[in-house]
Amino acid sequence: MEPNHEEKRNASLNRALLILSCVLLSIGTCGGPLIMRLYFIHGGNRVWLSSWLETGGWPIIFVPIALAYYHRRTTEGPSTKLFLMKLPLFIASAVIGLITGLDDYLYAYGVARLPVSTSALIIAAQLAFTALFAFLLVKQKFTSYSTNAVVLLTIGAAVLGLNTSADRPKGESDKEYIAGFLMTVAAAALYGFVLPLVELTYKKAKQTITYALVLEVQLVMCLFATIFCTVGMLINNDFKVIPREARNFELGEGTYYVVLVLSAIVWQTFFLGAIGIIFCASSLLSGIVIAVLLPITEILAVIFYHEKFQAEKGVALALSLWGFVSYFYGEIKYSKQRENEKKKEKEIEIEKKDTPETADVSQLDP
């Protein structure tokens, strides 16, 4: 009874953590681009600063790490280590962090040149890249439902690509628009690679992966991504320009700094949510949640920034929700199937134990 009770408790904790991670990812996916675009719309133009803000809030992660440490200390005693990460995992996390820093810059460049609706539809293509790299790196198994979800969400992104010229910002040249478009595509491809790479790192790590360790991985990733963007800011003299840009910000100097701080906080919820889903489920699910939230981001952009909502966006939203429901229906069905298989295996084991061993009659005959 105790093992079953422990299994149920772990399953409940995993489910609660997955739900929390989905909520955090929802906040980051929808709020991050909107706040970043707010900065650019009202006078901000520092791409390296915006990319820096995507991971610059990494000290926030010390809070859940400290809580996890005190929880472990109550059970393990004073000898409990504050950090669990070993050197190989630290190096792997640092490398992924540098790649993430490059991805931050590519994404910020795209958001600076494109409306939220357009950049969101391009980022939706990330799911196709995530699926591809998940198959190559971690041998992700695809059911008919997950394949259907990937196809529907990718088609939704393609549908959103129709009639995007109507959303082009005024006064922006073709060269700038195309550059923003290509940079955003590159950002989608690169982050589609990062998500399965994180999952592969968990699998290859020569230590037990707990959520406390996952938080440490995220801390190192964001730290090195921030270092990468800090170098870019120093080369581009962004630190010197910040006070002048704040004074000229259309919404006021105080609001300027509020926007920067909020941006850093909201983007941290995005990364914490993404790695949490990878830990609880898979990189593919993380990509699917991001993809299904993008049309919602578009709707919010229409509400707050009065961007146009063409019929294509409504179709894309319907396809995305359909794909999302398809994936979770398949996962629920598959999990029930696995539970039934485990029950049958346990029943067979119990029958074998209860059945007394009988002698071989053929060996007793003369």
Side-chain angles (χ1 to χ4, degrees), residues 3 5-29 54-55 57-97 100 130 134 137-138 140 191 194-226 265-290 293 328 331 335 338:
H5 178 72
E6 186 66 24
E7 286 178 9
K8 288 180 180 179
R9 181 174 175 273
N10 290 337
S12 298
L13 288 173
N14 189 75
R15 194 178 299 111
L17 184 56
L18 180 60
I19 293 171
L20 175 62
S21 297
C22 287
V23 171
L24 291 173
L25 186 59
S26 300
I27 295 171
T29 302
E54 289 182 57
T55 52
W58 60 267
I60 295 171
I61 305 175
F62 277 118
V63 175
I65 286 178
L67 293 174
Y69 165 73
Y70 284 116
H71 176 71
R72 294 200 314 275
R73 188 181 171 89
T74 56
T75 56
E76 298 175 12
S79 60
T80 305
K81 293 182 179 179
L82 177 58
F83 294 105
L84 303 170
M85 185 180 292
K86 295 179 181 179
L87 183 60
L89 186 56
F90 175 85
I91 294 172
S93 302
V95 171
I96 297 174
T100 302
T130 302
L137 295 179
V138 296
Q140 173 72 48
Y191 201 66
V194 166
L195 291 175
L197 188 60
V198 171
E199 186 176 356
L200 179 65
T201 301
Y202 292 166
K203 291 180 181 293
K204 296 294 183 181
K206 295 180 179 179
Q207 57 182 125
T208 304
I209 301 297
T210 62
Y211 189 66
L213 184 57
V214 166
L215 291 171
E216 293 178 26
V217 170
Q218 182 58 33
L219 179 69
V220 175
M221 285 172 53
C222 285
L223 172 61
F224 277 84
T226 305
I265 294 172
V266 170
W267 278 119
Q268 273 309 301
T269 65
F270 170 86
F271 286 109
L272 285 170
I275 63 157
I277 292 175
I278 293 173
F279 171 72
C280 297
S282 67
S283 56
L284 179 62
L285 177 58
S286 187
I288 285 175
V289 173
I290 292 171
L293 288 169
F328 273 100
E331 283 298 300
S335 63
R338 282 183 298 181

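As a basis for the values below, the full set of heavy atoms in this structure was taken, side chains included, without hydrogen atoms, waters or symmetry mates.
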Roughly how far, to the nearest 0.5 Å, is [atom2] of [Y] from [atom1] of [X]?
X      : Y      : atom1 : atom2 : value
Leu195 : Leu200 : CG    : CG    : 12.5 Å
Ile19  : Asn14  : CD1   : CG    : 10.0 Å
Ile275 : Cys222 : CD1   : SG    : 8.0 Å
Ser26  : Leu293 : OG    : CG    : 4.5 Å
Leu137 : Glu199 : CG    : CD    : 9.0 Å
Met221 : Trp58  : CE    : CH2   : 14.5 Å

Minimum heavy-atom separation for [X] and [Y], please, with both atom names.
X      : Y      : value
Ile277 : Cys22  : CD1-SG, 3.8 Å
Ser282 : Leu285 : OG-N, 3.2 Å
Ala94  : Val220 : N-CG1, 3.8 Å

Do [X] and [Y] have side chains that get closer than 4.5 Å, going by heavy atoms?
X      : Y      : value
Thr201 : Val217 : no
Pro88  : Lys206 : no
Trp267 : Thr55  : no
Leu215 : Leu272 : yes
Leu25  : Thr269 : no
Met85  : Leu219 : no

Heavy-atom donor-acceptor pair, [X] side chain to [Y] backbone, under 3.5 Å:
X      : Y      : answer
Gln218 : Ile61  : no
Gln207 : Leu213 : no
Thr29  : Ile290 : no

> Residues two or more places apart in sequence or in another chain: which of them pass ring pair (Phe, Tyr, Trp, His ring centres under 6.0 Å) with Phe271?
Replying inline: none
>> Which label fits Tyr191 and Phe270: parallel for a plane angle under 30°, tilted from 30 to 60°, or perpendicular past 60°?
In response: tilted
Using distance only, find each side-chain donor-acceptor pair of residues 62-73 under 3.5 Å and give its atom names and separation, not counting sequence neighbours.
unit_1, atom_1, unit_2, atom_2, d
Tyr69, OH, Arg73, NH1, 3.1
Arg72, NH2, Lys81, O, 2.5
Arg72, NH2, Leu82, O, 3.4

